[in-house]
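In what follows, a single structure is set out as structure tokens and then discussed.
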Protein chains: 2
Amino acid sequence: MNEQIKALCCEYDIKFTTARFSILMVLKKASQPMNYEQIKEKMDSAMDKATFYRNIALFEEAGMVHKFEGDDRKWYFELSGKTHAHFICEQCHRIICMDVDFGEVEGEVKSIVLKGICKACQS
Amino acid sequence: MNEQIKALCCEYDIKFTTARFSILMVLKKASQPMNYEQIKEKMDSAMDKATFYRNIALFEEAGMVHKFEGDDRKWYFELSGKTHAHFICEQCHRIICMDVDFGEVEGEVKSIVLKGICKACQS
DNA sequence: TATTTTATGCAACTTAGTCGCAAAGGAGAT
DNA sequence: ATCTCCTTTGCGACTAAGTTGCATAAAATA
């Protein structure tokens, strides 16, 4: 895992540091987009908010990480991969990843967020 | 116009007040989703933040108004209509309304926000 | 008109995220 | 190894959109 993360940093031309390692470690293990608090909880060692956000901004600029805003006004982060949509339920606040395609549209799409009421909450 | 807005309130079972009239007047004239500041500027008389947000929340619950978050962490509001997507350019921050369809998906979709770089900024 | 309910305005508050700055850590030169 | 320079980290103060409590004003009801 350690090596994979180093490789990831290398690929995106980002210097490897312990703080960055901690963040990427959590994101790599994650099966869902996560916000700062959630990531912090999963980290082995504490990390300052400022450090976290600065590094996340770096990852994002490099295109390594992708973010979007949840229903709770918090940023959610995930490692970049195949572009997919996130459905956010306004009732249970769950985030559901889903594949979606609507041909080519206005420019380059980086994030797709749908909000509404999920199937589970509807019934 | 006055009558149209009264009718709108009536339709959604919302009591007609001057504050509500001011907000709806601006939204009805708008050709774009607008945030609190923008709406406030366009209003004839001043209105308190709290009053604005409370009424907007009311409209939203009733399904009369629809909101989403822009690239600047501000809420943007518009009168409900045909469900459409908003493309937000991360560079010029413009909001572009667009029709989009991707069949039926997870539950009931209320808002669709795409982020990325618009055509104008790409070239 | 009196009473109750609802809407408004003000001010204080909340909180995710940001910024300035000083200290710690690392890479390269001597 | 030590010195220097540059980057990264952590702390604390700050920002600002939106929220909440409470007192007043307006409207509905009796």
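Residue numbers begin at 1 in each chain, while the letters A, B, ... track the order of the sequences.
To the nearest angstrom, P of dA26(D) lies 16 Å from CZ of Arg20(B). One interatomic measurement links the two molecules: CZ of Phe59(B) to P of dA7(C), which rounds to 11 Å at whole-angstrom precision. The distance from atom CG of Leu24(B) to atom C1' of dA7(C) is 15 Å, rounded to the nearest whole Å. For Asn55(A) and dT7(D), the CG to P distance is 14 Å, given to the nearest whole Å. For the pair Phe16(A) CZ and dA27(C) C1', the computed distance is 16 Å after rounding to whole Å. Rounded to whole Å, atom C1' of dT8(D) lies 7 Å from atom NZ of Lys15(A). In this entry the distance linking CZ of Phe52(A) with C1' of dC11(D) reads 18 Å, nearest Å. Ile56(B) places its CD1 atom 15 Å from the P atom of dA7(C), with the value rounded to the nearest Å.
Where Met47(B) and Asn35(A) each meet DNA chain C at their nearest nucleotide, the meeting point lying more 5' is that of Met47(B). The nearest heavy atom of DNA chain D to Glu37(B) and to Thr18(B) marks one nucleotide each, and the one closer to the 5' end goes with Glu37(B).
For the OP1/OP2 pair of dG17(C) and a distance below 4.0 Å, the side-chain nitrogens and oxygens of Arg73(B) include at least one atom meeting the criterion. Close to dG25(C), at under 4.0 Å from its OP1 or OP2, lies no side-chain N or O of Thr17(A).
Remark: side-chain polar atoms of Ser80(A) are paired, donor with acceptor, to backbone N or O of Met64(A) under 3.5 angstrom. Panel note: side chain His66(A), backbone Lys110(A); a donor-acceptor pair is recorded below 3.5 Å.
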Check the interface with nucleotides 18-23 of chain C: list each N/O to N/O pair with the protein under 3.5 Å, or write none.
none

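Aromatic ring orientation, His86(B) versus His84(B): perpendicular (interplanar angle above 60°, classes split at 30° and 60°).
Residue Phe87(B) forms a side-chain contact (heavy atoms from CB on, under 4.5 Å) with just one option from Val113(B), Leu114(B), Ile117(B), and that option is Leu114(B).
Ile39(A) and Leu8(A) fall within a single hydrophobic cluster, where Ile, Leu, Val, Met, Phe, Trp and Tyr side chains are chained together by heavy-atom contacts under 4.5 Å.
Checked against dT8(C), dG10(D), dA28(D), the side chain of Thr51(A) finds its nearest nucleotide in dG10(D).
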Please table the atom pairs, donor to acceptor, closer than 3.5 Å between any side-chain atom in residues 48-63 of chain A and protein atoms at least two apart or in another chain.
from, atom 1, to, atom 2, distance (Å)
Asp48(A), OD2, Ala50(A), N, 2.9
Asn55(A), OD1, Arg20(A), NE, 2.7
Asn55(A), OD1, Arg20(A), NH2, 3.4
Asn55(A), ND2, Thr51(A), O, 3.2
Glu60(A), OE1, Lys67(A), NZ, 3.0

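Of all non-hydrogen atoms in Cys118(B) and Cys89(B), the two that sit nearest each other are N-SG, 3.4 Å.
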